[in-house]
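Comments concern the structure below.
Given the structure is predicted, the values throughout are model-derived calculations rather than measurements. Throughout, protein chains are lettered first and strands after them, A, B, ... in sequence-line order, and every chain is numbered starting at 1.
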2 protein chains.
Amino acid sequence: MKKRPESPHCETCGARHKSIFCTLSPDEVNDLDASKNCNFYDKGQVIFHEGNRVNGIYCVSKGKIKLFQIGNEGKEQIIRFAKEGDIIGYRALLSEEPLSASAATLEESALCFVPKSQIMKMIAENPNFNFKMLKMLSHELGEAARIITELAQKPVRERLAETLLILKNTFELDEKQVIQVKLSREEIANIVGTATESVIRLLSDFKKEKLIEVEGRNIKLLNIPELTRVANVFE
Amino acid sequence: MKKRPESPHCETCGARHKSIFCTLSPDEVNDLDASKNCNFYDKGQVIFHEGNRVNGIYCVSKGKIKLFQIGNEGKEQIIRFAKEGDIIGYRALLSEEPLSASAATLEESALCFVPKSQIMKMIAENPNFNFKMLKMLSHELGEAARIITELAQKPVRERLAETLLILKNTFELDEKQVIQVKLSREEIANIVGTATESVIRLLSDFKKEKLIEVEGRNIKLLNIPELTRVANVFE
DNA sequence: AGGAAAACCTGAATTTTATCATAATTTTGT
DNA sequence: ACAAAATTATGATAAAATTCAGGTTTTCCT
């Protein structure tokens, strides 16, 4: 966790405008900025550990984060991702429980730590912020429920197809249709809930079926409608 | 949805004392009572449908409720349960999204509908209530994450054992160690995320192993420590 | 009470998925 | 740049779980 000189001010932080902090008043932004603490992380660094207590939240100023639990046999299960403008650690903070997941960077990242007191102040004093918080938690809960149903009912092939689409929606595609996040096959398996070998095999099936193109850890989506059909998504 | 004469007052409602409404002031309780609307449901009745919009929440005054999603092949996935003192429908209300799950009674039940305006008022005016709401959502989110990891990583046998323990914790045991909720084998399968036949087979295995005793839909837990071992739970 | 429907149970066959072994390729550290 | 380590890949095998088919029992309805 190396700290570098140029810690950006919240006022000018690009991430803030996409975040839960986007509608704060100038005074509140200054307040937030004074309380925060920005840190830089290398790729693969752990930000916090499942089971620990937190005394604040982390706001992703730059980079990509995975949140994961360690299952019984020591296997990692990726629960969700966070990117620029997202906050992490709020679940444990608000429930006053230990962290339910660990967080690690997927690439070089910068995160600002905002202490509990500051978050609580904003919740208490800014109804709009409070409502955003409630809305975010509720939304997350709905996403989690959907994932539960998919894990319980869909075969691996469908879950992998859907995971690719979720990654697309979370991290977007570049101009060449390549998903803008680099994950190992094992990490993909740890989202889908399957064995690494199964991911490798199915990705190569998708390749043969001209649904995707693979170059190292870059995945290019060639046929999103068909991939959606394979994923067998509702709605 | 038959309405009966004797709609209890919130002030004297036993469920309220176990609920998120337990610390309201007398004035607030009167306010809540004036806004609410109590309804009675037969066993198996649907309270609300996934995909619909809600304009309030339901508080379980009496009875047991299952919340479930319908997956692609029309298969039900039970997401969570609610019992006396629990509220349902708050996720959709707060996220301003359609309901992510349907709710149906597992036995004769009574639920009070509390309109959105009343909930919003309490959130805005009672910081303690607001905080309880945040805490409840965060807690639920943690539970959901744990379920995701288990579904993704554990075999059916372990998940079934754990489901029995979760049912025990949710609905308690009577003096004869019988879980106080009646579910069909299919419903159990729809929690565990497996086929009905698998549940039948595994329950009969558990019976042979003297972990449980089964009489119709009553499940008696004979050896909770060993069941915990079979469930292979962390922590 | 009696018949229909639903739920429960069991075995066999099939499918899905994981595991193991081994090799090729890529990445990483010095 | 090079050796070691990690990741990716592929085939063979084994295990897990579902599906199908057939019964039996229980519950529900009039």
Fill in the blank from the handout: Here the distance between atom C1' of D/dT8 and atom CG of A/L203, to the nearest Å, is 11 Å

Problem - Atom pair distance, as rounded to whole Å: CD1 in B/I200 and C1' in C/dG11 - result: 13 Å

Fill in the blank from the handout: Residue pair B/L183/B/R201 against DNA chain C: nearer the 5' end by closest nucleotide is B/L183

Practice task
Look at B/E143 together with B/R146 and state whether they make a salt bridge at an N to O cut-off of under 4.0 Å.
Solution key: no

Practice task
Let me know the distance between CD of B/E107 and P of D/dT27, rounded to the nearest Å.
Solution key: 17 Å

Practice task
Under the ring pair (Phe, Tyr, Trp, His ring centres under 6.0 Å) rule, collect the residues that match up with B/F206, sequence neighbours excluded.
Solution key: none

Problem - Donor-acceptor pair (no angle test) under 3.5 Å: B/E197 side chain, D/dC20 base - result: yes

Handout entry: Result of checking B/L227, B/V192, B/N169 against B/L164 for side-chain contact (heavy atoms from CB on, under 4.5 Å)
Key = B/L227

Practice task
Look at the side-chain N and O atoms of B/S198 and state whether any lies under 4.0 Å from the OP1 or OP2 oxygen of D/dT18.
Solution key: yes

Practice task
Please report, rounded to the nearest Å, how far the C1' atom of C/dA5 is from the CD atom of B/E186.
Solution key: 14 Å

Problem - Interatomic distance, B/K208 NZ vs C/dT10 C1' [rounded to whole Å] - result: 10 Å

Handout entry: Separation of atom CD1 in B/I219 from atom P in C/dA7, rounded to whole Å
Key = 16 Å

Problem - Electrostatic pair B/K64-B/E107, nearest N-O below 4.0 angstrom - result: yes

Handout entry: Sole candidate of A/V199, A/T194, A/T196 that passes side-chain contact (heavy atoms from CB on, under 4.5 Å) when paired with A/I188
Key = A/V199

Practice task
Output yes when at least one side-chain N/O atom of A/R217 is less than 4.0 Å from OP1 or OP2 of D/dT8, else no.
Solution key: yes

Exercise for the section: Would you please confirm or rule out a distance under 4.0 Å between OP1 or OP2 of C/dC9 and any side-chain N or O of B/R185? Expected result: yes

Handout entry: Sugar-phosphate only, base, or nothing, as touched by A/S184 at under 4.0 Å among non-hydrogen atoms
Key = sugar-phosphate

Exercise for the section: Give a yes-or-no answer on whether the side chains of B/E73 and A/N232 include a donor-acceptor pair shorter than 3.5 Å. Expected result: yes

Exercise for the section: Starting from P on C/dT27, measure out to NZ on A/K43 and report it in whole angstrom. Expected result: 10 Å

Handout entry: Length of the CD-P vector between A/E215 and C/dT26, whole Å
Key = 10 Å

Exercise for the section: Ignoring backbone atoms, test whether A/T194 places a side-chain nitrogen or oxygen under 4.0 Å from the OP1 or OP2 oxygen of C/dA18. Expected result: yes

Practice task
Ignoring the backbone of A/A195, work out which of C/dA18, D/dT10, C/dT17 is nearest its side chain.
Solution key: C/dA18

Exercise for the section: Work out how much the helix from C/dA1-D/dT30 to C/dT30-D/dA1 bends between its end axes, five pairs an end, to the nearest 10 degrees. Expected result: 70°

Handout entry: Pairs flagged by ring pair (Phe, Tyr, Trp, His ring centres under 6.0 Å) wherever residues 64-90 of chain B is involved - sequence neighbours left out
Key = B/F81-B/F171

